[in-house]
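Report on the structure given below.
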Amino acid sequence: MKVPPNAPCACHSGQKYKRCCRPYHRGAQVGQPELLMRARYAAFSYGLAAYVMQTTHPSSPSIEADPAAWERSILEFARDTRFAGLEVEAASASENEASVTFRAMLWQGERDVSFTERSRFLREGDRWLYHSGVVS
Ligand SMILES: [Zn+2]
């Protein structure tokens, strides 16, 4: 999907996409787990499956054994979901591990599928990766 660079970023930061998550989607390293969380939310919204997959830790429980099936499920989720809002409620990080608690406002048709998740991120070398999340 081609995302207009001047459109508001799908992570609901209020900034233009080109000044927000686009650099990350193009390969720039994300310095903070909170920004990675936002960039992943935007990637889900835009159907950027490769970004979601590349920023998932190799030992994450959300990895699917078949990459093609994993990609399809990300794309289906993106297609079937309206990404209506994102609020980061808390973020903390130590040297190699971080947690970000966020509320994702999501709709699938008329159904509110919003959730609050406490995500765990792990540092691998010079980059942060999503590991897992607990939905509350
Ligand atoms: Zn963004």
Side-chain angles (χ1 to χ4, degrees):
M1 168 176 174
K2 268 275 175 213
V3 184
N6 288 308
C9 188
C11 80
H12 296 273
S13 61
Q15 300 182 69
K16 291 177 178 178
Y17 177 53
K18 70 180 179 186
R19 298 198 193 287
C20 190
C21 293
R22 186 172 76 158
Y24 305 135
H25 294 162
R26 292 183 157 197
Q29 291 296 351
V30 184
Q32 293 172 32
E34 181 180 338
L35 296 178
L36 175 58
M37 188 266 124
R38 304 193 75 91
R40 284 173 53 89
Y41 179 96
F44 273 110
S45 172
Y46 294 139
L48 301 173
Y51 187 80
V52 173
M53 295 163 79
Q54 286 158 13
T55 55
T56 301
H57 194 278
S59 69
S60 167
S62 59
I63 286 187
E64 292 184 26
D66 176 359
W70 188 19
E71 181 179 24
R72 270 199 308 279
S73 67
I74 293 168
L75 293 175
E76 281 169 18
F77 180 72
R79 187 196 61 206
D80 297 342
T81 308
R82 189 163 60 81
F83 293 76
L86 174 65
E87 287 169 10
V88 175
E89 298 180 349
S92 65
S94 61
E95 193 179 340
N96 293 312
E97 187 166 346
S99 90
V100 179
T101 303
F102 64 92
R103 174 127 187 103
M105 274 70 87
L106 307 176
W107 290 85
Q108 290 180 336
E110 296 296 303
R111 201 157 58 97
D112 184 350
V113 294
S114 301
F115 63 90
T116 300
E117 178 180 315
R118 184 168 188 263
S119 292
R120 182 171 177 235
F121 294 85
L122 298 178
R123 190 200 288 277
E124 280 282 301
D126 61 350
R127 56 201 295 248
W128 286 98
L129 296 171
Y130 173 83
H131 181 270
S132 54
V134 177
V135 173
S136 56

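Read the numbers this way: they start at 1 and go in the same order the structure lists the ligands and their atoms.
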Within the 6.0 Å centroid threshold, strictly below: F83 and Y41:
yes
What are the two closest non-hydrogen atoms of F121 and M37, and how far apart are they?
CZ-CB, 3.8 Å
Every N, O or S from the protein that is nearer than 2.8 Å to the Zn ion (ligand 1)
C9 SG, C11 SG, C20 SG, C21 SG
For the residue pair Y51 and Y46, is the inter-centroid distance of their aromatic rings smaller than 6.0 Å?
no
Kindly state each residue pair satisfying salt bridge (charged side-chain N to carboxylate O under 4.0 Å, His left out) with at least one member in residues 15-41, sequence neighbours excluded.
none
For E97, give me all partners under salt bridge (charged side-chain N to carboxylate O under 4.0 Å, His left out), at least two apart in sequence or on another chain.
R120
Can you list the residues that meet the side chain to side chain contact (heavy atoms under 4.5 Å, CB included) rule with A7, with sequence neighbours excluded?
P4
